[in-house]
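Okay, so here's the structure we're looking at.
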Amino acid sequence: MLQVTDIRDRKEEMIAALAKRGIDAKQVLEAILEADETRRSTQAKLDETLAQSNTFSKEIGILYKKGETQKANILKEKTSQLKEASKELSEHLNTASEELQKLLYTVPNVPNALVPSGTDENDNEETFSEGEVPELHGEALPHWELAKKYDIIDFELGVKITGAGFPVYKGKGARLQRALISYFLDKNTAAGYTEYQVPHLVNEASGFGTGQLPDKEGQMYHVTEDDLYLIPTAEVPVTNMFRGDLLTENELPITCTGYTPCFRREAGSYGAHVRGLNRLHQFDKVEIVRIEHPEKSYKALDGMVAHIQELLRELKLPYRILRLCGGDLGFTAAITYDFEVFSTAQDRWLEISSVSNFETFQANRLKLRFKDSDGKNKLVHTLNGSALALPRVLAGILENYQTPQGIKIPEVLVPYCGFDIID
RNA sequence: GGAGAAAUGGCAGAGUGGUCGAAUGCGGCAGUCUUGAAAACUGUUGAGGGUUACACCUCCGGGGGUUCGAAUCCCUCUUUCUCCGCCA
């Protein structure tokens with residue numbers, strides 16, 4: 001959620017930046033300013049009325065003590081009238097605040113200066129690529145066929161017990177996945193992130209805090225009986241641990257990592273590209289989250305990018321980094337870098353990480369602040385990234401490491417797996 | 001799931017209708033003393049909104065109500081604790 005004070009100060013600048021998303025925000029921002037104006041003037045009137053009635057009430061108390069009931073009764077009458085006025089004003093205030101809130105919820109985050117304008121994924125900017133695409137002997141198989149051949153992932157079994165998009169990992173497949181989780185968590189904690197295990201269901205307030213609600217409601221599984229949501233990413237519970245906090249400057253940065261399964265309804269996203277592990281309703285992910293001083297958040301973002309690069313380098317997977325264009329940028333992000341691994345067998349790039357700086361957009365919803373050196377309360381910047389999303393890394397490994405003898409295990413994972421080939 | 005108790009400032013803990021935003025203690029901060037530190041003593045110390053700065057408004061778990069006036073009374077929700085039941 002954008003800050004109204006920001007809109008007041010730099011409306012034109014924001015409109016120009018939002019245009020990179022293909023949005024003309026002029027009208028909405030002006031409507032916000034207007035709604036805010038109404039809200040504030042109503043608040044002022046209400047305060048005034050309450051102040052008057054407070055002083056009267058105090059006087060009444062004093063008059064009663066003196067025994068001057070008649071005078072007190074006159075004041076009582078006056079105060080009753082004020083009370084009615086204040087009731088009306090506070091209703092106005094509520095509607096004005098709701099109106100403002102509703103408008104604010106519709107505006108996505110303002111893209112950072114680095115974000116290219118563009119409408120879809122074709123306009124994303126490749127900023128880096130590294131790693132060798134392996135020479136595959138004979139016919140290279142896609143991972144869903146490899147999974148079957150070596151009996152390590154059973155998609156049909158998942159369909160039987162739950163439905164499409166809920167695979168069952170088996171034997172060395174399950175072990176490889178567990179190895180990856182451990183490896184990622186070890187690397188993240190070694191880089192200074194504190195490991196957390198968090199709930200996999202969250203309440204409504206948490207969904208709002210990180211911006212999944214109300215916009216993407218349809219993407220989360222909703223347990224209506226208890227009004228809880230299955231998390232679509234660890235970002236939600238991890239970031240919300242700090243919801244409403246007022247931190248001291250020296251508590252920053254806060255850095256967390258956590259492994260969780262992620263649940264996504266993916267309503268309406270069926271098609272050619274969703275085979276195998278490419279798109280699932282339930283998948284595992286190790287996430288990193290940072291809560292940063294606003295002046296340091298972009299440096300932190302670079303650090304996260306470098307950290308994820310190291311993971312991919314160690315796994316020896318060919319990858320590239322994209323800077324998302326305005327049109328492809330998520331609602332809450334100011335800037336996002338996507339990491340993609342190339343799969344030779346599928347001849348396509350698979351997204352395995354997405355790293356974003358949300359600046360104050362989430363913090364404003366979360367009311368997550370810190371006290372700066374001047375003693376003023378300021379919103380922090382929040383950032384997060386996948387390190388990494390498991391299924392597509394798994395797919396990348398299966399496809400890129402396949403040999404006639406079997407699937408080799410990346411060297412760094414061998415100690416975690418306890419074997420060096422799947423055959 | 002059933003029965004009971006509770007929720008107050010960073011923490012502990014008073015306050016049961018009227019100058020209560022809230023006693024007191026601890027902690028924090030500043031000062032005196034000291035070569036320095038500790039101890040002792042003195043002062044200060046909740047948050048949000050608003051204002052150039054004041055004024056002023058709001059906040060005693062959340063929401064609603066009674067009243068001229070609520071931390072205090074009523075309703076409701078949530079959470080915590082104790083006991084019972086069930087259970088990985």
Side-chain angles (χ1 to χ4, degrees), chain A residues 1-9 32-101 103-104 197-209 213 222-229 237 240-252 254 260-261 360 362-380:
Chain A
M1 188 166 71
L2 298 180
Q3 295 177 81
V4 179
T5 48
D6 253 12
I7 302 175
R8 279 209 287 263
D9 293 343
I32 286 170
L33 290 182
E34 206 175 300
D36 181 53
E37 193 54 49
T38 310
R39 201 206 89 235
R40 285 191 298 156
S41 66
T42 313
Q43 177 83 62
K45 274 186 221 152
L46 177 63
D47 284 359
E48 215 173 289
T49 314
L50 288 174
Q52 186 60 258
S53 114
N54 283 346
T55 45
F56 282 172
S57 289
K58 270 181 194 159
E59 278 177 46
I60 290 167
I62 295 164
L63 287 172
Y64 269 127
K65 267 190 188 150
K66 286 188 194 161
E68 303 185 46
T69 21
Q70 275 199 333
K71 280 189 186 171
N73 284 336
I74 294 166
L75 275 185
K76 262 198 197 181
E77 184 55 36
K78 276 193 188 170
T79 314
S80 293
Q81 283 167 16
L82 283 173
K83 207 200 159 187
E84 252 172 70
S86 74
K87 203 172 178 182
E88 210 171 294
L89 281 168
S90 90
E91 271 167 29
H92 279 172
L93 182 64
N94 280 343
T95 47
S97 305
E98 275 168 30
E99 185 59 30
L100 177 63
Q101 198 77 333
L103 287 167
L104 281 169
Q197 287 188 10
V198 292
H200 300 165
L201 284 99
V202 293
N203 57 30
E204 198 177 41
S206 295
F208 270 97
L213 294 173
H222 186 192
V223 181
T224 50
E225 178 107 33
D226 300 289
D227 205 16
L228 295 171
Y229 295 84
N240 273 284
M241 291 196 293
F242 306 96
R243 169 152 45 89
D245 285 2
L246 181 60
L247 305 164
T248 59
E249 203 163 13
N250 59 25
E251 284 178 277
L252 298 173
I254 292 173
T260 68
T360 59
Q362 285 183 333
N364 192 25
R365 288 183 167 212
L366 293 160
K367 290 280 168 291
L368 172 48
R369 297 161 303 168
F370 73 102
K371 204 170 265 302
D372 75 2
S373 40
D374 305 332
K376 285 209 164 183
N377 298 335
K378 278 187 169 167
L379 294 171
V380 298

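Below, chains carry the letters A, B, ... as their sequence lines are ordered, and counting in each starts from 1.
Across all their heavy atoms, A:Met1 and A:Asn364 have their closest contact at O-ND2, 3.0 Å. For the pair A:Thr49 and A:Ser86, the tightest heavy-atom approach, listed with the atom from each and the gap, is CG2-CB, 4.0 Å.
Comparing B:A47, B:G49, B:G18 by their closest approach to the side chain of A:Tyr64 singles out B:G18. Counting only heavy atoms from C-beta on, A:Lys83 has its side chain closest to B:U67 among B:G18, B:U67, B:A47. Each of B:U51, B:C68, B:A47 was ranked by its minimum atom distance to the side chain of A:Arg40; first place goes to B:U51. If you check B:A47, B:G18, B:U58 against the side chain of A:Asn54, the one that comes closest is B:U58.
Taking 4.5 Å as the limit, every side-chain heavy atom of A:Arg243 sits out of range of all side-chain heavy atoms of A:Leu368. For the pair A:Leu247/A:Ile254, a side-chain contact is recorded, criterion being any heavy-atom separation below 4.5 Å from C-beta on.
Of the two residues contacting RNA chain B, namely A:Ile60 and A:Glu48, the nearest-nucleotide position lying further toward the 5' end is that of A:Glu48. Between A:Ser80 and A:Lys87, the residue anchored nearer the 5' end of RNA chain B, judged by the nucleotide with its closest heavy atom, is A:Lys87.
Base pairing analysis places B:C60 opposite nothing; no Watson-Crick or G-U wobble pair with both distances below 3.5 Å involves it. Base pairing analysis places B:A3 opposite B:U82; the two distances defining the Watson-Crick or G-U wobble pair are each below 3.5 Å. The pairing partner recorded for B:G10 is B:C26, the criterion being a Watson-Crick or G-U wobble arrangement whose two distances lie under 3.5 angstrom. Checking B:U16 for Watson-Crick or G-U wobble geometry (two distances, each under 3.5 Å) identifies no partner in any strand. The pairing partner recorded for B:A40 is B:U32, the criterion being a Watson-Crick or G-U wobble arrangement whose two distances lie under 3.5 angstrom. Applying the Watson-Crick and G-U wobble criteria (two distances, each under 3.5 Å), B:A55 pairs with nothing in any strand. Base-pair partner of B:G50: not found among the strands shown (Watson-Crick or G-U wobble, both distances under 3.5 Å).
Counting to the nearest Å, the P atom of B:G64 and the CD atom of A:Glu91 are 12 Å from each other. Atom-to-atom, CG of A:Leu82 to P of B:G69 comes out at 10 Å; the value is rounded to the nearest Å. Between A:Gln52 atom CD and B:U58 atom C1' there is a gap of 18 Å when expressed in whole angstrom units. We find that CZ of A:Arg243 is positioned 13 Å from C1' of B:G62, with the value rounded to whole Å. Atom-to-atom, CG of A:Asp245 to C1' of B:G46 comes out at 16 Å; the value is rounded to the nearest Å. Straight-line distance from the NZ atom of A:Lys58 to the P atom of B:C56: 8 Å, rounded to whole Å. For the pair A:His92 NE2 and B:C57 P, the interatomic distance rounds to 22 Å; values are reported in whole Å. As a whole-Å value, the separation of A:Gln43 CD from B:U51 C1' is 14 Å.
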Take A:Val202 and A:Asn240 through the test side-chain contact (heavy atoms from CB on, under 4.5 Å) and record every step on the way to the result.
CA-CA 9 Å; A:Val202 293; A:Asn240 273 284; over 6 Å; no

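Under the rule for a ring-ring contact (aromatic ring centres under 6.0 Å, His included), the partners of A:Phe208 that lie at least two apart in sequence or sit in another chain are A:Tyr105.
A:Asn73 comes within 4.0 angstrom of nothing in the nucleic acid, heavy atoms only. Across all strands shown, A:Arg39 has no heavy atoms under 4.0 Å from either base or sugar-phosphate atoms. A:Leu50 comes within contact range of the sugar-phosphate backbone alone, with a heavy-atom separation under 4.0 Å but no base atom that close. Across all strands, A:Ser57 comes closer than 4.0 Å to base atoms (heavy-atom distances).
For the C1' atoms, the distance from B:A22 to B:U45 is 15 Å, rounded to whole Å. For the C1' atoms, the distance linking B:C77 with B:A12 amounts to 28 Å, nearest Å. For the P atom pair drawn from B:G43 and B:G9, the interatomic distance equals 25 Å after rounding to whole Å. Using atom C1' as the reference point in both B:C26 and B:U19, the two lie 29 Å apart (nearest Å). Using atom P as the reference point in both B:G13 and B:G25, the two lie 16 Å apart (nearest Å). Comparing B:A14 with B:C20, their C1' atoms are spaced 12 Å from each other, to the whole Å. Across B:U16 and B:U66, the matching P atoms stand 24 Å from one another, rounded to whole Å. Between B:G46 and B:A23, the distance separating the two C1' atoms is 15 Å to the nearest Å.
Remark: the A:Ser57 side chain and the A:Asn54 side chain contain no N/O donor-acceptor pair separated by less than 3.5 Å.
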